[in-house]
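Only one structure is covered here, and it is reproduced in the block below.
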Amino acid sequence: MSVEIDLRGKVAIVTGSSSGLGRSIAEYLSMAGASVVINYRKEKDKADEITQQILKNGGKAICVQADVSKIDDVQRLFETTDQQLGPADILVNNAGIDGKRQMCGDDDPAEWERVIGINLLGPYYCTREAVKRMTVKKSGVIINITSDHEFVPWSGYSAYSSSKAGLSMFTKTLAQEVAENNIRVISVAPGAIKTPINEDVWGNPDSLRDLLKKVAMPRLGEVDDIGKAVAFLCSDLASYITGVTLPVDGGMLLYPDFKHGG
Ligand code: NAD
């Protein structure tokens, strides 16, 4: 007997998939047989490149521009998917930003609103479109990419941490709402994964050393670590998992500083 991740016949939308984790998630879903929608906001060249790469490898993909923080863009993203591939079976709310570092009281509220708009309202706008379609099919999977900062506070990034903690509660609440329609909703919380979002940290030897002290395993995460986890959670191998967060973080939540006592 063998076990495989089989997503043949499924249509998957991955937001913010022109780079980083989203790109890897789209690639793994495609390798498992899903038709994928590469969503981008500004990086058309990169989105075209990954779409072509998937087509060249024998997969099915389209790319669609849409800003997830704009409700009309999101509606167009789902309608274009309906027309070109069919209604979505899988939604991965991956698009996100960490925003500018700013301390509360000495900050710009517009920046807080921008982070919440992309990281929390964006997944909400996408999810409501997905749920309408998945309810008709009585089947679907929604993955919300949160962060270890749904659990761990991050000074100077209160908007980011709040958006991810909020998204985690959205996962749980929605999972309760839609379970009867065979729709699963799961959060994936990455730890420190090497992508453009945190290149300023891992690209500098001093800050890299500091960051590695926060991870129990002796390495940072790679984008593949997230792509593989999401492909598993979207598949029938995970058919009884819903309403929880899976940290994919090499043990960052294990407080590795306590390893030597304390
Ligand atoms: P990234 O910057 O490579 O990817 C973010 C993507 O979101 C980009 O493609 C960007 O164009 C897109 N995006 C931003 N605003 C958008 C909008 N309004 N509409 C559509 N797309 C938009 O960084 P990443 O590390 O791949 O981040 C992906 C997700 O993973 C984010 O939600 C991030 O918070 C989360 N995350 C990353 C890490 C990490 O260590 N890399 C850790 C925890 C959580």
Side-chain angles (χ1 to χ4, degrees), residues 5 7-55 57 59-70 73-82 84-97 118-119 122-131 133-134 140-147 167 171 183-190 193 195-197 222-235 238 246 248:
I5 293 177
L7 298 176
R8 282 174 297 178
K10 304 289 184 194
V11 173
I13 297 177
V14 184
T15 67
S17 44
S18 54
S19 70
L21 305 185
R23 176 178 181 141
S24 178
I25 292 166
E27 286 170 344
Y28 272 90
L29 295 182
S30 171
M31 283 190 276
S35 303
V36 294
V37 179
I38 305 300
N39 157 249
Y40 67 99
R41 182 181 46 163
K42 287 185 184 153
E43 299 172 308
K44 183 175 185 326
D45 290 354
K46 286 191 188 173
D48 280 340
E49 190 256 316
I50 166 176
T51 307
Q52 289 308 319
Q53 192 64 44
I54 288 174
L55 295 173
N57 292 338
K60 203 166 175 186
I62 59 170
C63 79
V64 182
Q65 190 283 332
D67 180 337
V68 297
S69 67
K70 296 188 175 150
D73 277 24
V74 168
Q75 236 164 338
R76 180 172 47 73
L77 169 64
F78 277 79
E79 283 165 8
T80 307
T81 305
D82 290 344
Q84 298 195 24
L85 297 175
D89 302 280
I90 294 168
L91 166 66
V92 183
N93 283 311
N94 165 77
I97 57 168
I118 295 171
N119 293 7
Y124 160 65
Y125 294 151
C126 291
T127 297
R128 59 191 294 280
E129 291 300 326
V131 165
R133 290 156 174 82
M134 293 172 181
V141 183
I142 297 168
I143 305 287
N144 291 322
I145 304 297
T146 60
S147 162
L167 187 54
T171 293
I183 303 169
R184 297 185 294 114
V185 193
I186 301 158
S187 292
V188 169
I193 318 290
T195 72
I197 211 172
E222 301 291 339
V223 292
D224 284 10
D225 293 313
I226 305 297
K228 290 175 198 170
V230 171
F232 159 70
L233 290 172
C234 289
S235 77
L246 175 67
V248 182

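Computed from heavy atoms alone, side chains included, the values below leave out hydrogens, waters and symmetry copies.
The shortest side-chain heavy-atom distance between L21 and P190 falls under the 4.5 Å cut-off. When side chains are defined from C-beta on, T195 does not count as touching S19, because their heavy atoms never get closer than 4.5 Å. Side chains of I145 and V92 form a contact here, defined as non-hydrogen atoms less than 4.5 Å apart.
L29 pairs in a side-chain contact (heavy atoms from CB on, under 4.5 Å) with only one of the listed residues (V11, V14, I5, I143), which is V14. T127 pairs with exactly one of V185, I183, I142, T171 by the side-chain contact (heavy atoms from CB on, under 4.5 Å) rule, that one being I142.
One distance of note links CD of E49 with CD1 of I38; it measures 10.5 Å at 0.5 Å rounding. Rounded to the nearest 0.5 Å, atoms OH (Y28) and CD1 (I226) are 11.5 Å apart. Separating the NZ atom in K42 from the OG atom in S18 is a distance of 11.0 Å, to the nearest 0.5 Å. Between N93 atom CG and C126 atom SG the span is 5.0 Å, to the nearest 0.5 Å. Interatomic distance, I54 CD1 to S35 OG, rounded to the nearest 0.5 Å: 10.0 Å. Atoms OH and OG1, from Y40 and T51 in turn, are 9.0 Å apart once rounded to the nearest 0.5 Å.
Not one N or O on the side chain of D89 forms a donor-acceptor pair closer than 3.5 Å with the backbone of K10. Between the side chain of S235 and the backbone N or O of F232, at least one donor-acceptor pair lies under 3.5 Å. In this structure, R133 contributes its side chain and D82 its backbone to no donor-acceptor pair below 3.5 Å. Checking side-chain atoms of D73 against main-chain N and O of K70 turns up no donor-acceptor pair under 3.5 Å. For T15 (side chain) and N94 (main-chain N/O), a donor-acceptor pair under 3.5 Å exists by modelled atom type. The backbone N or O of K46 lies less than 3.5 Å from no partner atom in the side chain of R23, so there is not a single donor-acceptor pair. Between the side chain of D67 and the main chain of S69, a donor-acceptor pair closer than 3.5 Å is present. Checking side-chain atoms of R76 against main-chain N and O of Q65 turns up a donor-acceptor pair under 3.5 Å. The backbone N or O of V64 lies less than 3.5 Å from a partner atom in the side chain of N39, making a donor-acceptor pair. Between the side chain of S24 and the main chain of G20, no donor-acceptor pair closer than 3.5 Å is present.
Closest heavy-atom contact between L91 and M134: N-CE, 3.9 Å. Across all their heavy atoms, V36 and S30 have their closest contact at CG1-N, 4.0 Å. Between Y125 and V74, the shortest heavy-atom contact is O-CG1, 3.5 Å. Closest approach of S187 and T146 over heavy atoms only: OG-CG2, 3.7 Å. Taking both residues in full, the closest heavy atoms of L7 and C234 are given as CD2-O, 3.6 Å, listed atom of the first, atom of the second, then distance. Counting all heavy atoms, side chain and backbone alike, I97 lies closest to N119 at O-ND2, 2.8 Å.
Evaluation of the salt bridge (Lys or Arg N to Asp or Glu O under 4.0 Å) test over residues 11-22, restricted to residues two or more places apart or in two chains, returns none.
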Can you list the steps and then say if L233 with L246 is a side-chain contact (heavy atoms from CB on, under 4.5 Å)?
-> CA-CA 9 Å; L233 290 172; L246 175 67; 4.0 Å; yes

Take D224 and K228, measure what salt bridge (Lys or Arg N to Asp or Glu O under 4.0 Å) needs, and give me the verdict at the end.
-> CA-CA 6 Å; D224 284 10; K228 290 175 198 170; 5.2 Å; no

side-chain contact (heavy atoms from CB on, under 4.5 Å) evaluation trace for I13 with L77 | CA-CA 9 Å; I13 297 177; L77 169 64; 4.1 Å; yes

Derivation of the side-chain contact (heavy atoms from CB on, under 4.5 Å) call for V131 and R128 | CA-CA 5 Å; V131 165; R128 59 191 294 280; 5.8 Å; no

